[in-house]
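What follows is a set of notes on a single structure, which appears directly below.
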Amino acid sequence: MNKGRVAVFLSGRGSNFAAMVRASRSANANFSVCLVICDRKDAPGLKKAARFNIPAHYISPKQFPDKAAYENEICAHLQREKIELICLAGYMRLAGPVLLTRYPWRIMNIHPALLPSFPGLDAQEQALRYGVKVSGCTVHFVDAGTDSGPVIAQRAVAVRDDDNAVTLSKRILRQEHRLYPWAIRQFFAGRLQIRGRNVIIK
Ligand code: GAR
């Protein structure tokens, strides 16, 4: 079977990346994580990539005159590796026009809240401050906005009275690690159809 070729973009820990790699190495997986792009030199995710033996590139936006030049450099790596799907996993930057044009509806993101609630930074803290009783995670296609693209899948978790950002983040993360590989599998099985804002799972 020809496996779908995935690049993961990350800025930090890389636990979602690790969950994807593990899923991709299980029996009958239909995708393979072929490349990591990272914008932070000290990101623990880079060490994980080395342990998994997956090519990883630290590319600092500061080395480029503008976002277009930065993303053109990234695209050169993506093309070399024949990447078909980009998965943002704790990548703390917005995709710009270069990436969005070259990979239309081929960029996914995971967010630790039930969008459209609590987009942007510190989603778990936002949920706790608001006082919701249920939160969760969302995998969505990426558009030009912040966490605003069409929703592919969501998982809910209960918010407990004694939760803090750490305990809630942990509970959500367990669901993230299941949901993201599932969404990637659906993508490469050809089951995701975008109709306006709605993603239909065939
Ligand atoms: C995850 O919780 C992910 O949902 C979140 O960053 C964390 C990265 O963890 N992403 C965002 O908040 C994006 N808005 P990881 O590096 O261990 O996968």
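First listed ligand is number 1; within each ligand, the first listed atom is number 1. All of these numbers come straight from a predicted model, not from anything done at the bench. What's counted below: heavy atoms across the whole structure, side chains too, no hydrogens, waters or symmetry copies. Along the sequence shown, residues are numbered consecutively beginning with 1.
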Which protein non-hydrogen atom lies closest to [atom], naming both residue and atom, and how far is it?
atom	result
atom 15 (P) of ligand 1	S15 N, 3.4 Å
atom 1 (C) of ligand 1	E176 OE1, 3.2 Å
atom 10 (N) of ligand 1	I110 O, 3.6 Å
atom 16 (O) of ligand 1	G14 N, 2.7 Å
atom 8 (C) of ligand 1	G90 CA, 3.6 Å
atom 14 (N) of ligand 1	H111 ND1, 3.1 Å
atom 9 (O) of ligand 1	R13 NH2, 3.1 Å

**Asked** With a 4.0 Å cut-off on heavy atoms, does G45 reach ligand 1?
**Response**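 The answer is no, since G45 has no heavy atom less than 4.0 Å from ligand 1.
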**Request:** Check if L10 has a non-hydrogen atom at a distance under 4.0 Å from any atom of ligand 1.
**Result:** no
Between the side chain of [X] and the main-chain N/O of [Y], is any donor-acceptor distance below 3.5 Å?
X	Y	answer
D122	E125	no
R171	A158	yes
Y180	M108	yes

**ligand 1 N/O within reach of N109 N/O, cut-off under 3.5 Å** = no
**Message:** For ligand 1 and N16, I'd like to know whether there is a polar contact (N/O to N/O, distance under 3.5 Å).
**Reply:**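 N/O-N/O distance under 3.5 Å: yes.
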**Message:** Aromatic contact between F31 and F187, with the criterion being ring centroids under 6.0 Å apart: yes or no?
**Reply:** no
**Asked** Can a salt bridge be assigned to the pair E84 and R106 using a cut-off of 4.0 Å between side-chain N and carboxylate O?
**Response**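 Between R106 and E84 there is no salt bridge, as every charged N stays at least 4.0 Å from the carboxylate O atoms.
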**Message:** Less than 4.0 angstrom from a charged side-chain N to a carboxylate O is my criterion; do D162 and R160 meet it?
**Reply:**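 So D162 does not pair with R160 through a salt bridge.
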**Fill in**
A student checking ligand 1 against D147 at a 4.0 Å heavy-atom cut-off should list atoms 14 (N)
**Asked** Picking from V8, L35, V33, what satisfies side-chain contact (heavy atoms from CB on, under 4.5 Å) with I54?
**Response** V33
**Result of checking V199, L179, L115 against V139 for side-chain contact (heavy atoms from CB on, under 4.5 Å)** = L179
**Item:** Heavy-atom nearest neighbour of atom 11 (C) of ligand 1 within options A89, C137, P112
**Value:** P112
**Request:** Apply the test side-chain contact (heavy atoms from CB on, under 4.5 Å) to residues V132 and S117: give CA-CA distance (whole Å), side-chain angles for both, the deciding distance (0.1 Å), then the verdict.
**Result:** CA-CA 10 Å; V132 292; S117 292; over 6 Å; no
